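In what follows, a single structure is set out as structure tokens and then discussed.
On a predicted model such as this, the values are computed, not experimentally measured, just so you know. So you know, we letter chains A, B, ... as the sequences are listed, proteins then strands, and number each from 1.
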There are 2 protein chains.
Amino acid sequence: MTKDDQLDAAFSALAHPARRAILAQLAQGTASVNALAEPFDMTLPAVSKHIRVLEHAGLISREKDAQFRLCKLETAPIQEIASWTERYRSIWEARFDTLDTLLADMKENDT
Amino acid sequence: MTKDDQLDAAFSALAHPARRAILAQLAQGTASVNALAEPFDMTLPAVSKHIRVLEHAGLISREKDAQFRLCKLETAPIQEIASWTERYRSIWEARFDTLDTLLADMKENDT
DNA sequence: GCATTATTATACTAATAAGTTAATTAAACA
DNA sequence: TGTTTAATTAACTTATTAGTATAATAATGC
């Protein structure tokens, strides 16, 4: 899988609020599928599918524990995304500086 | 539009390599639709649609200039995503520390 | 006014996504 | 062994996505 494919999968997986909510739950620690499904107004197979999508994107891993499948957050794809956003930081900071200068100017000139 | 919807739109828009490539082009400065389409092996209407998706997600804005529609990168949604990833930074740093400690341990004990 | 250039709209196809219900697998437990 | 609990698979529906070709709009420049 190319880097682009990995980003495709990660961005696409994160483009659903239920899946982001599942990751937020997993930030508190590992959990079973049933536990993860509990807060949602959705059938279990639907949640199961969301979990598969997250796993396919490498955002979670799974471990069998008796009759449970414990899900665990994996951060690598999130780090990839964070690093992708960094390429744009200089742009937004430059624009913020511009806005900042403009605001300072306005204050100085009492406009 | 709720914050969740904004993130949905942004993540979803970024889940296509052509759209990320368009943003990369726009990081160099504004550009017309034709200029943006040039590097792609794709029809113009297809690129036009990708641009609409980016605009809908707030990732670009447009300005009419004669017969051209100049596209401009907008960083707000990228900042939102960067900020979303930050919630998980403590987790990946903690794990890195663990790995780090483990490696140091191995070295110390010559295992 | 008319041809050219830039862009979008329309109409269509094929693939994928998100959800459902019902059936199945697999381990635990009594 | 039979039942319960956990989770997935299968089959299906509906909606959306990504692309195409072709037609339409809109401004420019001769």
Aromatic rings A/W84 and A/F11: how do their planes relate, parallel, tilted or perpendicular, breaks at 30° and 60°? perpendicular

note: A/K49, atom NZ; D/dT13, atom C1'; distance rounded to Å ~ 11 Å

Within less than 4.0 Å of OP1 or OP2 of D/dA6, is there a side-chain N or O belonging to A/R62? no

Taking atom C1' of D/dT4 as reference, at what distance in whole Å does atom CZ of A/F68 sit? 12 Å

Side-chain heavy atoms under 4.5 angstrom apart, residues restricted to Ile, Leu, Val, Met, Phe, Trp, Tyr: same cluster for B/W92 and A/L54? yes

Salt bridge (Lys or Arg N to Asp or Glu O under 4.0 Å) between A/E55 and A/R52, intermediate numbers included: CA-CA 5 Å; A/E55 188 178 24; A/R52 254 170 69 88; over 6 Å; no

Trace of the side chain to side chain contact (heavy atoms under 4.5 Å, CB included) decision for B/L26 with B/L36: CA-CA 8 Å; B/L26 290 175; B/L36 290 172; 3.8 Å; yes

To the nearest Å, how far apart are A/D65 CG and D/dT5 C1'? 14 Å

Whole Å only: how far is the NE2 atom of A/H56 from the P atom of C/dA18? 13 Å

Apply side chain to side chain contact (heavy atoms under 4.5 Å, CB included) to A/H50 and A/H16, showing your working. CA-CA 9 Å; A/H50 283 305; A/H16 194 295; 3.6 Å; yes

By nearest-nucleotide position on DNA chain C, the 5'-leaning member of B/V33 and A/V53 is B/V33

Tightest non-hydrogen contact, residues A/F68 and A/S32, listed as CD2-CB, 4.1 Å

How does protein contact run along nucleotides 22-30 of chain D, one letter per nucleotide 5' to 3', with B for base contact, S for sugar-phosphate only, - for none, heavy atoms under 4.0 Å? B----SS--

Check DNA chain C against residues 3-21 of chain A and give the residues with a non-hydrogen atom under 4.0 Å, in numerical order. A/H16, A/R19

Please list residues of residues 34-44 of chain B whose heavy atoms come under 4.0 Å from any atom in DNA chain C, ordered by number; otherwise none. B/N34, B/L44

Between A/V33 and A/V53, is there shared hydrophobic-cluster membership here, with clusters defined by ILVMFWY side-chain heavy atoms closer than 4.5 Å? no

With the side chain of A/R52 defined as its heavy atoms from C-beta on, choose the nearest nucleotide among C/dA9, D/dT9, D/dA6. D/dT9

Apply side chain to side chain contact (heavy atoms under 4.5 Å, CB included) to the pair A/Q79 and B/R89, showing each step before the final yes or no. CA-CA 8 Å; A/Q79 287 178 257; B/R89 179 177 296 276; over 6 Å; no

Just how far, in rounded Å, is P of D/dA7 from CG of A/L70? 8 Å

